[in-house]
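Heads up, the thing below is written out as structure tokens.
Throughout, protein chains are lettered first and strands after them, A, B, ... in sequence-line order, and every chain is numbered starting at 1.
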Amino acid sequence: MKSYDHKKIEKKWQQEWNKKKIYKTTEGDKTRNPKYYVLDMFPYPSGEGLHVGHPKGYIATDVISRMKRMQGFNVLHPMGFDAFGLPAENFALKMKIHPEIAVKKNIKRFKEQLGVIGLDYDWSREVNTTDPKYYKWTQWIFLQLFKKGLAYESHEPINWCPSCKTGLANEDLEGGKCERCGSLVEKKPLRQWVLKITDYAERLLTELDLKNKDGSLLLSWPESIKEMQRHWIGKSEGMLFEAPVKDTNLKIQTFSAHFEAFTADTFVVIAPDHPFLKELVKNTPKEKEVLDFSANLVKERLSDGYETKEVKGIFTGRYIVDPVGNGDLPIWVASYALADYGTGIVKCSAHDERDFVFAKKYNIKLKKVIEPLYIDTKGASAVRADLPFVEREAVMGIVKHWQEDKYLGLKWKQIDWGTFVTGGIEPGQTPEEAIKAELEEETGYFKFKSIKKLGRRHAKFYHPPKKENRFGHFNHFYLELESGEQKEVSQEEKDKHEVVWLSKDEVEKFLVSEGQRDEWHELQGKEKVVLDGILTEPKELAGREVKDVREDAIKYLEKNNLAKRKTTYKLRDWVFSRQRYWGEPIPLIHCEKCGVVPVPEKDLPVKLPKVKFYEPTGTGESPLAAISKWVNVKCPKCKGKAKRETNTMPQWAGSSWYYLRFMDSKNPKALVDKKKEKYWNTVDLYVGGAEHATRHLIYARFWHKFLLDIGIVSTEEPFRKLQSVGLIMGPDGRKMSKRFGNIINPDDIVNRYGADTLRLYEMFMGPFDQAIAWSEEAIIGPRRFLERVWKIAQKVSKNNSSSSIEKLLNKTIKKVSVDIVEMRFNTAISSMMILVSEMEKAPDISLKDYKKFIQILAPFAPHLADEIWKNLGEKKSINLSVWPKWDEKLMKDEDVKIVVQVNGKVRAEIVIAVDAKEDEIKKLASVAVSKYLTAGEIKKVIYIKNRLVNIVV
RNA sequence: GCCCAGGUGGCGGAAUUGGUAGACGCGAUAGACUCAAAAUCUAUUGAUGGCAACAUCAUGAGAGUUCGAUUCUCUCCCUGGGCACCA
């Protein structure tokens, strides 16, 4: 027998598969087989070609599709190219080749590289987003969006990248910089087409959790990606307040998601780039000053990439009349206010982190309506879940020494507590009287220079001496002693605690109560913002915890007509035009008389004109604007003078629906045939990089839902199961990049080790969704494995199976079948490695067993498998054979090894029959470990079936 | 700062509902084959002690629950990814 020659074998079988078209997908009406649609995120054919990281996902889908095909599914596993957009255009500009030619060349190279890996794509369905036959339908979808009012023109300032010379969506920014080139983005007013994705915000959010009829989740996606989308959509429910601006006819609206403390509002902030600002300060003495300041702030914010944490602002000179009765509130411009969240104007109070900082900085008056509540959860005073709370009005006093800068603390004797003076208020006492009485009782001091009332704080805690849960309402005081004169203290009090005088530093370490410590800090001028606690206003809600009053606060505000419910989203509408050449032309016409007119559907596609110069103009106009022959057209409505829209679509457009086109890639009459769409339904498995979690995957879901609404598709969601691929890093552990010179080319690996080895290695490296560094050394393992598989063929005989091999084989078939579905390829491969080393040890291997093994190996190493298959006398490709089934009966073990532990430590192993009785096993076990049992009597024997016996001594 | 995922030998990683930690692979060491090398095969390979049987310690750190914890709970540290003035 010849040795394993991957070069010969792989080339031969790739040609054979192509010739016989064995991977061509059958149309739905020509088969009764159930369908399985597995899709890779199609690549952007860059000029640099593939590195070994790219095909990792493709190999995984290839393995799954091959297994599914063998299991009788009608598999759709297509591939295409996403080739419009900036990278291709910039590459073309740099290399001075027309993008169309460059893209063609790059695609050819990509296909060659994919080809040598032996992937089972049905290339007859290939799509290319830059093909007019394809982008005809991208334009068609845009027209439908336009007709439904979901595409609109916006003249608001947009993000402009001065280097790419194009407008960008918020999503294309990275901390205020252009994601592609890293240059600072400017705001520039430009006419843009924008898609109203916000109309779908609620559905995009809730339908992430859509359920099947049986109650299971429709979308089987990684929770992390769902979570990212939820954050991206950023739903927040709150209240909308409307207020007149004093001395004007103007009104403003403010939004608040945390409105419970609405009576605390003392000022208002507006975003520096808020469109309303100009009108607000018009004809006021501060007009120029405020606008200049704001303009500066916007500039600063942009250049700092939104990273400024220091807040800045200016008073506008205007006031609102607060609708909830807090009087006239000054309006400030504040750097931290965002124009495009909520209404861009906020009512502010002491009970918000940023508002608080801002107010402190500019000495704006604050009002507090939440008193802090502390709940002890740790240590001796942790609240007991089983006890009710005893409510008490109480006092606490910080007492200063009559001479020194020292403060009075009580060191408790029964427990490890350090506190200030505290105590309850007796009936008929005022808090002042109570604190004085407590102090005298506990310490004997009674002569005061001054007494000052501080705040009120509440605490829930367990009181160990009293053995009860307390809910104390503490009135805090600051007292200065006049002299050290003392009265006699009772023995009872003396037994409870010791009086100590502490320096400021010592106080810090001494205190155990967070509430006392906060009060102490506030006394030193370090005030903390209060976000949660007990509300003191309005009367109707007073005394309740903030977190419990939300619903009642809404009712109160609505009943009194003070505010309305309102939901806002972080999700912004989608800036859908680019001022560049290399993209789908937006199929609209601007007519002098009729305004914006859609290109009639029969005239689609609007082809991108072939031009010599396609450099960005830099003026904010697309290069297409300069091509008068293309631009000037007749209005489709009135036949008058008109011009084409010259903006093009963003790169995301073509990829937002390509998965539908694969179902029916050649159809000239429809985006996708209705019957075919019904048959292929939804993508069963979608594999790609997690970096597309929030853009591509949200845009595609948006378009899909729109297409559902207009009756083009019949499903709610495009991708049922989503799996992210972990990156393959360079051997140095860094991202593979030209810059680091750590790129591994798959062609070299295929040459040296073969495609089957590459495939096996990439699947064996580790968990599929995890990033792992490429290892030049470890790849030899899978290669050796394949050589051993190849050699076993020499031992194949017509004899009956050996029962031990048969048993292991069945177990392996099961493991591989299950692991592939769950995308745990590494463990599937390791189980096959175990089988192979057992086969090597056996004197001979039955033909039947060997064939089954080669079949389960075939999805991973299809070339080698087909070659062996043929050598074993089979005529048809192994990839079309029927996936072997495992037989549970043959997998049963007769004996089982049981571990015997003494006190949880392994001391012996015994082998017993599977059906042995528990008593018997326990007996055997205690005999096996008898020498460890002499120490004491047996307390307990734990038996876990087929696993272990644990004897507790 | 917030959210998510993760931390296991020299390295990549395994470990069903809590039940023998280190499967499988790489590397390393020794031996066989060879004039020699490579390749291949065989054996060993978490650490420490011991000639050995064996013992003790080990899954980022610390605590807890349990007969028993890589797995569950809490606190902290570190790494990767995402978001970041979101009212």
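Residues passing the ring pair (Phe, Tyr, Trp, His ring centres under 6.0 Å) test with A/Trp332, sequence neighbours excluded: A/Phe315, A/Phe358, A/Tyr362. A/Phe860 is linked by a ring pair (Phe, Tyr, Trp, His ring centres under 6.0 Å) to nothing, counting only residues two or more places apart in sequence or in another chain.
Listed pair A/Arg907 / B/A55 meets the phosphate criterion, a side-chain N or O lying under 4.0 Å from OP1 or OP2. Distances shown here put every side-chain N or O of A/Lys570 at or beyond 4.0 Å from the OP1 or OP2 atom of B/C86.
Defined by atom type and a distance below 3.5 Å, a donor-acceptor pair is missing between the side-chain atoms of A/Trp221 and A/Glu223.
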Distance-only donor-acceptor hits, side chain of residues 776-784 of chain A, under 3.5 Å, sequence neighbours excluded:
from     : atom 1 : to       : atom 2 : distance (Å)
A/Arg783 : NE     : A/Glu787 : OE2    : 2.7
A/Arg783 : NH1    : A/His6   : ND1    : 2.8
A/Arg783 : NH1    : A/Tyr753 : O      : 3.0
A/Arg783 : NH2    : A/Glu787 : OE2    : 3.0

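For the segment residues 253-269 of chain A, residues with any heavy atom less than 4.0 angstrom from an atom of RNA chain B are, sorted by number, A/Phe255, A/Ser256, A/Ala257, A/His258.
Here B/C54 presents its C1' atom at 14 Å from NZ of A/Lys905, a figure rounded to the nearest Å. Between the P atom of B/C41 and the CZ atom of A/Phe785 lies a distance of 14 Å, rounded to the nearest Å.
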Base-contact (B) and sugar-phosphate-only (S) positions in nucleotides 12-20 of chain B, heavy-atom cut-off under 4.0 Å, - elsewhere: BSS-B--BB

For RNA chain B, produce a single dot-bracket line, 5' to 3'. Pairs: Watson-Crick or G-U wobble, both distances under 3.5 Å. Symbols: ( ) within strand, [ ] crossing, | other strand, . unpaired. (((((((..(((......[....)))((((((.......))))))((((....))))..(((((..]....))))))))))))....

Would A/Trp232 and A/Tyr569 count as a ring pair (Phe, Tyr, Trp, His ring centres under 6.0 Å) here? Give the steps. CA-CA 9 Å; A/Trp232 196 265; A/Tyr569 300 88; over 10 Å; no

